J.: 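Attaching a single structure in structure tokens format; questions to follow.
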Protein chains: 2
Amino acid sequence: MLKQLNWTITILFYCTAAIAEEGMWTLDNFPKAAVNERYGVEITDDWLDRARLATTRLEGGCSGSFASENGLLVTNHHCITTCLTQLSTAEQDLEAEGFYAKEPDQEQRCEAEQVSVLVDTQEITAEVLAATNDKQESEANKARKATLTRLEKECEQQGDEQGQKIYCESVNLYNGGQYFMYAYKRYEDVRLVFVPEADVAAFGGDPDNFNFPRWSLDMAFLRVYENDQPAHTPDFLPWRADGADADELVMVSGHPGSTDRLLTVAQLQHVRQMAMPNWLLRYSELRGRMIQLATQSEENHRIVRIPLQGIENSLKVFRNQQLVLMDDEFMATKKEQEDILRSKDAAPFENIEAALDIFDTFYMRYLFIERTAGLQGDLFNYARTLVRAAMEREKPDAQRLRAYVEPALPGMKQRMIAANPIYPVLERQRLAFSLDKMRELLGPDDPFVKQVLGSKSPDELAAQLVDGTQLADPDYRELHWVGGIKAIETSEDPMIQLALAIDAEGRALRKRYEDEVEAVIRHAEEQIAKLRFETGGTSSYPDATFTLRVTYGSVKGWLERGEQITPFTTTQRLYDRATGSAPFRLPGSWVDARGKLNMESRFNQSFSTDITGGNSGSPAIDQHGNFVGLIFDGNIHSIGGSYWFDESMNRSVAVHPQVMLEALEKIYGAERLLDEITLAE
Amino acid sequence: MLKQLNWTITILFYCTAAIAEEGMWTLDNFPKAAVNERYGVEITDDWLDRARLATTRLEGGCSGSFASENGLLVTNHHCITTCLTQLSTAEQDLEAEGFYAKEPDQEQRCEAEQVSVLVDTQEITAEVLAATNDKQESEANKARKATLTRLEKECEQQGDEQGQKIYCESVNLYNGGQYFMYAYKRYEDVRLVFVPEADVAAFGGDPDNFNFPRWSLDMAFLRVYENDQPAHTPDFLPWRADGADADELVMVSGHPGSTDRLLTVAQLQHVRQMAMPNWLLRYSELRGRMIQLATQSEENHRIVRIPLQGIENSLKVFRNQQLVLMDDEFMATKKEQEDILRSKDAAPFENIEAALDIFDTFYMRYLFIERTAGLQGDLFNYARTLVRAAMEREKPDAQRLRAYVEPALPGMKQRMIAANPIYPVLERQRLAFSLDKMRELLGPDDPFVKQVLGSKSPDELAAQLVDGTQLADPDYRELHWVGGIKAIETSEDPMIQLALAIDAEGRALRKRYEDEVEAVIRHAEEQIAKLRFETGGTSSYPDATFTLRVTYGSVKGWLERGEQITPFTTTQRLYDRATGSAPFRLPGSWVDARGKLNMESRFNQSFSTDITGGNSGSPAIDQHGNFVGLIFDGNIHSIGGSYWFDESMNRSVAVHPQVMLEALEKIYGAERLLDEITLAE
């Protein structure tokens, strides 16, 4: 699965020159000539415009595409687990059992889901540089943020004046080389239309995750609404029922989350030595705790399932990323490339090294305290957000933390008061575990650890806080959101009191991070970006930033240890591999329908396109603008794509339209959906 | 805790030249001159002889020393957990509650415990080289093993002829540079005399493990018996009640398990890329599973405690070892050192690289199948040993696997039929977990995985095997041991049937490993050893091999990030740090005795000696041959000692005799013990 990665390893950077088919291209710089040269196909601006307007961003960290003019949107099953959890009850587990709204009025609202479409982009590099010019690093850092906040606000006001509600987000491309303002149309009423059972959507589970050949029907249909009516979405993608042929050109349009392809060597070492070992061991242990928790009851099994999937997915990603970072040849290549730039100006590289040396001395405290790695769980997260939001709302926008500026608040409030099932057993485990890790990594004698734990064990404190707080209640949260700073300061809720008590220490660490680390690195990166532009020209693409990109490649397998992997799988082997035991268990609907299905239908497929986490749910599009596949994963080699693109091995993995249409018809009888999906001529 | 490490990362090597105080010296090559030069102290052969005869090896992987002439032996609490588990019941948990045999006849037999004292060593290099000379690598490998087996047998027969029962073990020193025959007197009747409660023996638990300052009373007293009477052990160490002074010379005598200080760069990379990531993630997840299992009931908590301690200890070791292996400067230094030897002859280094490249292609299958990483637990282990022993006993000694040669069988049988509590809940967890990891790492389509799992999930198969086997019964095991190959082949026990069914695949992998990897590496290592001897002369020590070594240093703290750590802790801060919650909870006996204790008593201490896993329980000895401390751990920097010795930071951690004697007197009223321990004059 390709959802977005953890913040700790998303230090962004950019790439100098495109080699071969690699590249997550912004639409204004799509390499039409290269595509034409290689495939003899001309990609027009119209093609790109339609791809842009048909492609959606799911704010939870995925992509999707419109499949009809009435707001029907196709994405992955694994992209809407939050929605499925929120709509599920102890009696009806939508994630496991699937869902189909036979009638339009059965479509169910996903309260926390938001869907965006990119409608405009404007370069703002000049304004940003003007604001930071000649300022000392930490002052420049503040000015940069304040300027971005101001420009975002102005952009939204401009939209308002034109009678168009838009959401504006500044974007740093080429790592400080360019700043852009991206304007989105945003849909806040998103409803569930169809999703298959988890057992077929994630057939093969963690063992098969990031592997290919593969047999996962990882699809889901949502619909965006406006004014309680299906939204009008004229720019949708017709489906090509038989998909694309082997070796045919395909493009993937979507929102890749982040890549780190040109981190400096020092930054890569920091990830390898500090971030990775910590997350790998932490998630492995948490995985173990969750698996064992799941065995304790049916109910535990259900509530653990989705968070466990996320953990296992991250683990596989981190594990394979770390193998790249530990590869001496990879590191030597990075060093060679860097030495070329260092020979022009070594100072920014040295400044990054010095800043990271400082960061290393308080990295763990920053991580555990300010980034709350020591206080995990939805309940503490509510408390922290309520406390921070209340405090920040007391300040003018320009002085707030960027996450809490005025334009961000409506979305934050929507998420805060959305009905979200809270499972005390899971909350206790997550909180106790993170407290335990904090004590382990900061040490039992750390003053913050002593302040939080006192004489209690992590288990005791977690139980006390989870049992004592009322934050599981959406009304209680709304009361505190609306009540602002007074409600927070007088609250007797133990979770809120804790968040308040530790806020100052967190802010002190954040200030240190921003002034001594972030400010230095941002400035150095801008300098390095300039060096790179001087060397590499403009024939490059920026690292992924969860903004819209198009990548091209073809329907293609690869050579794995001497064995040729073909790019298509078919239904027959799904049944051959089904054992009856999870994760190789098929749902009853599939067991029953076996006789009705065409065993030669194409099930999953692989492309040589360049994607990463965030591309989940992306459409694969042919040269005529038709939908030919639903991206849901990459092969195991694609994980190294965080740091470099290996054209010979890196593959995207997608669901094939053949099996999607066949399953909708023969297994799910989803006629209403089939009628709505327009097939390509 | 310092117990021995996992086999996977104990590829042995040796060191060229001693720098500063480093070195785990064999007694025939102890650097008397260097000690004299640095400390003005002459270490005599008499001193070394007494150290040798007073120092014991616990075959479970620890050291110890005699504290009286009547076989009284002091070691660590954490070294005798197997014994404590075997003697505990659901009603009486000796590990948690402690034990004291007030009267001699209350001393309780530790059935699986064996204690050895080194009585003789003989060099056999010439015989081994003569047997392998001019043979092709895989033939040489077989001849080497057969020769060692033959010489061990001859050594024991020689002992028999002289009316002395000895146990002979060949040792490879300087990585093929020297072969020795080590002869041990072995005590097989070992009884428990005294052990304190776990809460004070392991005060601080995992958070404090490998840290200093420290407050752990990690001690235990055993007694070796002969003919049902306390053994006569005239060479014991008198105790110096106030220990050694700061900066005073101390020696540590014991059996360090393994170090890897001069692995070739390729070998280090193999450990870093293949072994470490696997064990780190595996143990982290298992840790999580065990911690959660422990929360399910009081009984689970009890049975999980000791295996969990072992897992957490290994994790801390691996984690810090891996940080060294990922350190570019460390690797660059290794490469520089290696390049000097490569310039003389690169071939053996290249041969090792080629062998490891081959190994990488089947490393995981070898690990999971032949090394049974996919089939963990005591029950499967019994089955595997019964199957292998039965098959091997059909062959003449010279053709057997080395673990199953005639001299090894009595000890193996003793362990096989010892009453050993089997906890089905833990067995199921370990087996299900290891099957799950096997499917994850080999993949669900691996033929072996399919053979073992069939259509079952790991949980289902584990439950079926654990519930179906009768191997928890010692009599049943003895029946199958005695019954030999016929009993095995006709057994209807599902665990034995499984072990039998998969034996051939394991042997095939072993053969491949031995012929294509081990044989090549052994030969290359012998060549490298020769290169090193030519360069470094004899002023060196071999890597640790769980054989007797003496290291010297002084009572010494270190400088930690600008802060001076003093080498002694005192009782006062033990009480200051006690919170009442595990692992910072003191047992009732200590809470009650607080008023009676001297708060200034020295509790733990740090030395600059060079130790590693296996040294647990080692005596620290002053220049006069007195016991001045009980080694139980190293500081966090000592973990890097697997790969290099950092004199400025690497410290051993020991219990101080002051607190040991005071606790025996004032807390435990152990008068019989106090009377027996001879104090130094």
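Computed from a predicted structure; not experimentally measured. Throughout, a chain's letter reflects where its sequence line sits, starting with A, and its residues are numbered from 1.
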J.: Does the pair B/K335/A/D328 count as a salt bridge with the N-to-O cut at 4.0 Å?
T.: no
J.: Which atoms of A/L323 are under 4.5 Å from chain B, going by heavy atoms: the side chain, the backbone, both sets, or neither?
T.: both
J.: For each of B/G580, B/G454, B/S284, B/A432, tally heavy-atom pairs with chain A at distances under 4.5 Å, and name the one with the top tally.
T.: B/S284
J.: Nearest 0.5 angstrom please: A/T579 OG1 to B/L453 CG, how far?
T.: 9.0 Å
J.: Measure distances from A/R577 to the heavy atoms of chain B and classify the residue's part below 4.5 Å as side chain, backbone, both or neither.
T.: side chain
J.: Tell me whether B/E460 is salt-bridged to A/R585, with the criterion being a basic N under 4.0 Å from an acidic carboxylate O.
T.: no
J.: Relative to chain B, which segment of A/A582 carries a heavy atom at a distance below 4.5 Å: side chain, backbone, both, or neither?
T.: backbone
J.: Between A/E285 and B/R319, does a salt bridge (charged side-chain N to carboxylate O under 4.0 Å, His left out) hold up when you go through it step by step?
T.: CA-CA 14 Å; A/E285 185 180 339; B/R319 177 175 194 143; over 6 Å; no
J.: A quick test of your reading: do over 12 heavy atoms of other residues, nucleotides or ligands sit less than 6.0 Å from CD of A/E563?
T.: no
J.: For each of B/N211, B/D445, B/D459, tally heavy-atom pairs with chain A at distances under 4.5 Å, and name the one with the top tally.
T.: B/D445
J.: Report which part of A/D208 has an atom under 4.5 Å of a heavy atom belonging to chain B: side chain, backbone, both, or neither.
T.: side chain
J.: Relative to chain B, which segment of A/L441 carries a heavy atom at a distance below 4.5 Å: side chain, backbone, both, or neither?
T.: side chain
J.: Identify the heavy atoms of A/R561 and B/T361 that sit nearest to each other, and give their distance.
T.: NH1-O, 4.4 Å
J.: Check the surroundings of atom CD in A/Q564: do more than 12 heavy atoms from other residues, nucleotides or ligands lie under 6.0 Å from it?
T.: yes
J.: Less than 4.5 Å to any heavy atom of chain A: does that hold for the side chain of B/D576, its backbone, both, or neither?
T.: neither
J.: Roughly how far apart are B/K316 NZ and A/L281 CG, rounded to 0.5 Å?
T.: 12.5 Å
J.: Please lay out, stage by stage, how A/T295 and B/Q292 fare under the test side-chain contact (heavy atoms from CB on, under 4.5 Å).
T.: CA-CA 10 Å; A/T295 66; B/Q292 187 62 32; over 6 Å; no
J.: Could you tell me which non-hydrogen atom of A/M326 sits nearest to which non-hydrogen atom of B/Q273, and how far apart they are?
T.: O-OE1, 3.0 Å
J.: Which region of A/E440, side chain (C-beta onward) or backbone (N, CA, C, O), has a non-hydrogen atom less than 4.5 Å from a non-hydrogen atom of chain B, or is it both or neither?
T.: side chain
J.: Give me the atom names and distance for the closest heavy-atom approach of B/S455 to A/S581.
T.: O-OG, 2.9 Å
J.: Are there over 12 heavy-atom neighbours, none belonging to A/H301, within less than 6.0 Å of that residue's NE2?
T.: no
J.: Tell me, for A/F433 versus chain B, whether the close heavy atoms (under 4.5 Å) come from the side chain, the backbone, both or neither.
T.: neither
J.: At a 4.5 Å cut-off on heavy atoms, which part of B/L286 comes close to chain A: side chain, backbone, both, or neither?
T.: neither
